[in-house]
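Just below is one structure, and these are the notes that go with it.
Because only heavy atoms are used, hydrogens play no part in the values below, and waters and symmetry mates are left out as well, while side chains stay in.
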Amino acid sequence: MLNQVRDADIHLLRVFVAVAECGGFAAAQDRLNVAASTISTQISNLETRLGFRLCERGRAGFSLTNQGEIVLTSTYKLLRDLGEFVNTIEATQDDLIGSVRIYMIDNILTHPGCRFSAAMAQLRRDNPYLQLEVRQMAPGRIETALLKRETDLALGWFNSLTPSLNYQPLFHERHQVYCGADNPLFHRAPFDIAPEELEQTDWVARAYELPQTIHFAHPPVASAVSHYMEGVAHFVLAGTHIGYLPEHLAAPWVDSGAMRAIHPETYFYELPMSLASREDTANERRVQAVRDAICAAHAHVQESGKPIA
């Protein structure tokens, strides 16, 4: 039986919560960022520690046992109490301790307006005991993760604004349509291409919703799809597809002659990048410290006169 709770047990309980909320091992892979076989081993180890089975898995599907339901409820209380403990300790000392999780979209590092690295450097100087966890996630998913309390902060583009979240605009990201050097359109780009040709060309589409006002937000022909910008870039560089890419991300390949934009003054859009947080974290000092540092680092973008929201 479980006579003494260890750090490893807390980790296994967090895995169990993810599995229970996602409805199975395979469904929890993306959330935990590990293979289903690893998750299965972790749950088995937890069951061994507890001395009973937590869930049924097999052809009949996934379901919690009665004991599993009790453990899930108790784990929620345990994790909530741990969070309150950390907040209480923080309030009694000047140095911030504990961990802050930040989920962000991929490939914004090369954007000239992105000052996330500068914010992390300042946080390290001001709060040397604060631990930070950064994870990349597709747009749409980061907001869901924030609402489900899987993360404390979310940095990216948000298609709609949720009333229970606070948004701080940071910078704009411009996207254009690109083709690779091996694409038949390349030697006629950027301007000698008719709109009708783009409707017949194979696109790599986004796996998430884009604003309907964007040209080719839903391309007529799209045999490839990607959640991430790097995936889009792979298909464009292959010469098999065209697609929207952030201007700053495509710049090195444009400079080397591996990509060209198509009608950049017609087929483009700008997305506002923001930092989102839950209203219930307003009194959590460590979360607010990270939020304030990120916002302060991007203040120069707001002061530059460029639109950010």
Test of understanding: clusters of I, L, V, M, F, W, Y form through side-chain heavy atoms closer than 4.5 Å, transitively. Do W157 and L109 belong to the same one? no
With no hydrogens and no angle check, just 3.5 Å: does a side-chain donor-acceptor pair link T65 and E56? no
Mind checking what makes ring pair (Phe, Tyr, Trp, His ring centres under 6.0 Å) contact with F116, not counting sequence neighbours? none
Looking just at side-chain N and O atoms, do E265 and H263 make a donor-acceptor pair shorter than 3.5 Å? no
Give the intermediate values and the outcome of salt bridge (Lys or Arg N to Asp or Glu O under 4.0 Å) for residues R149 and D280. CA-CA 10 Å; R149 301 176 183 274; D280 61 8; 2.5 Å; yes
Side chains of Q176 and Y267, heavy atoms from C-beta outward: is any pair under 4.5 Å? no
Indicate, with yes or no, if V225 and I214 share a hydrophobic cluster defined by side-chain heavy-atom contacts under 4.5 Å among Ile, Leu, Val, Met, Phe, Trp and Tyr. no
Counting N and O atoms only, with roles assigned by atom type, does the side chain of R278 sit under 3.5 Å from a partner on the main chain of L146, one being a donor and the other an acceptor? yes
Can you tell me if CD on E197 sees more than 12 non-hydrogen neighbours from other groups inside 6.0 Å? yes
Kindly compute the distance separating CD (E270) from CD (E247), expressed to the nearest 0.5 Å. 8.5 Å
How about S277 and L153: do any of their side-chain heavy atoms sit closer than 4.5 Å? yes
To the nearest 0.5 angstrom, please state how far the CD1 atom of I108 sits from the CG atom of L155. 5.0 Å
Find out whether T281 and E284 are in side-chain contact, i.e. whether some heavy atom of one side chain is under 4.5 Å from a heavy atom of the other. yes
Pairing of R101 and E150 as salt bridge, 4.0 angstrom limit: no
Is it true that atom CG of D255 has more than 12 heavy atoms of other residues, nucleotides or ligands lying nearer than 6.0 Å? yes
Would you compute the distance between atom CG of L245 and atom CD of E230 and round it to the nearest 0.5 angstrom? 11.0 Å
Ring-face cation of R174 near F268 (centre distance under 6.0 Å, axis angle within 45°): yes
With distance as the sole criterion, is a donor-acceptor pair present between the side chains of R125 and Q122 under 3.5 Å? yes
Around atom CG of L82, are there more than 12 heavy atoms from other residues, nucleotides or ligands closer than 6.0 Å? yes
Nearest heavy-atom neighbours spanning H248 and P252: O-CD, 3.7 Å
Test item: side-chain donor near acceptor, R6 and H11, under 3.5 Å: no
Closer than 3.5 angstrom, by distance alone: can the side chain of N183 be matched with the main-chain N or O of L185 as a donor-acceptor pair? yes
Check the angle between the aromatic planes of H175 and Y269 and answer parallel, tilted or perpendicular using the 30° and 60° thresholds. parallel
Taking the side chain as C-beta and beyond, is there a heavy-atom pair between H218 and L210 under 4.5 Å? no
Below 4.5 Å, heavy atoms only, C-beta onward: do I142 and M104 meet side chain to side chain? no
If you group Ile, Leu, Val, Met, Phe, Trp and Tyr by side-chain heavy-atom gaps below 4.5 Å, do L64 and Y76 land in one group? yes
To the nearest 0.5 Å, what is the distance between OG (S274) and CD1 (I294)? 12.0 Å
Working note: F52 + V71, criterion side chain to side chain contact (heavy atoms under 4.5 Å, CB included); need CA distance, chi angles, decisive distance, verdict. CA-CA 11 Å; F52 50 76; V71 171; 3.7 Å; yes
To the nearest 0.5 Å, what is the distance between OG1 (T48) and CD1 (I43)? 11.0 Å
Hey, do the aromatic rings of H298 and F171 have their centres closer than 6.0 Å? yes
Minimum heavy-atom distance I97-L130, with the two atoms named: O-CD1, 4.0 Å
Would you say that more than 12 heavy atoms from the other residues, nucleotides or ligands in this model lie under 6.0 Å from the CG of D81, or not? yes
Does the side chain of H241 come within less than 4.5 Å of S223's, by heavy atoms? yes
Donor-acceptor pair, distance only, cut-off 3.5 Å: does the side chain of D182 make one with the backbone of G239? no
I70, L54: one ILVMFWY side-chain cluster at the under-4.5 Å cut-off? no
For residues V204 and V221: do they belong to one hydrophobic cluster (side chain heavy atoms under 4.5 Å, members Ile, Leu, Val, Met, Phe, Trp, Tyr)? no
Using distance alone, with no hydrogens and no angle criterion, decide if H215 and T266 have a side-chain donor and acceptor under 3.5 Å apart. no
Go through it in stages, so that I can follow the logic: the residues are L165 and E279, the test is side chain to side chain contact (heavy atoms under 4.5 Å, CB included), and I'd like the CA-CA distance, side-chain angles, deciding distance and then a yes or no. CA-CA 6 Å; L165 298 180; E279 292 182 351; over 6 Å; no
Looking at every heavy atom in both F186 and M259, which two are closest together, and how far apart are they? CE1-C, 3.6 Å
Heavy atoms only: give me the nearest T240-D202 pair and the separation to one decimal. O-CB, 3.9 Å
Ignoring hydrogens, what is the shortest heavy-atom contact between G243 and V236? Give both atom names and the distance. N-CG2, 3.9 Å
Identify the heavy atoms of S99 and D152 that sit nearest to each other, and give their distance. O-OD2, 4.1 Å
Starting from the C-alpha separation in whole Å, work towards a yes-or-no answer on side chain to side chain contact (heavy atoms under 4.5 Å, CB included) for N127 and R286. CA-CA 9 Å; N127 304 283; R286 64 186 186 281; over 6 Å; no
Out of curiosity, Q136 CD to I102 CD1, how far, rounded to the nearest 0.5 Å? 12.5 Å
With a 4.0 Å cut-off, would you call R49 and E47 a salt bridge? no
Answer yes or no: is there a side-chain heavy-atom contact under 4.5 Å between R31 and E21? yes
Under the side chain to side chain contact (heavy atoms under 4.5 Å, CB included) criterion, do H227 and R206 qualify, and how do the steps go? CA-CA 6 Å; H227 285 276; R206 304 290 177 83; over 6 Å; no
Taking the side chain from T162 and the backbone from S164, do they hold a donor-acceptor pair closer than 3.5 Å? no
Any idea how Y244 and W203 line up, ring-wise: parallel (<30°), tilted (30 to 60°), or perpendicular (>60°)? tilted
Within the side chain of S40, is there an N or O that forms a donor-acceptor pair under 3.5 Å with the backbone of A36? no
Thinking salt bridges, do D106 and R135 make one under a 4.0 Å N-O criterion? no
Would you say that V254 contacts R260 through its side chain, given a criterion of any heavy-atom pair below 4.5 Å between the two side chains? no
Ignoring hydrogens and angles, tell me if any N or O in the side chain of Q29 forms a donor-acceptor pair with the backbone of A26 under 3.5 Å. yes
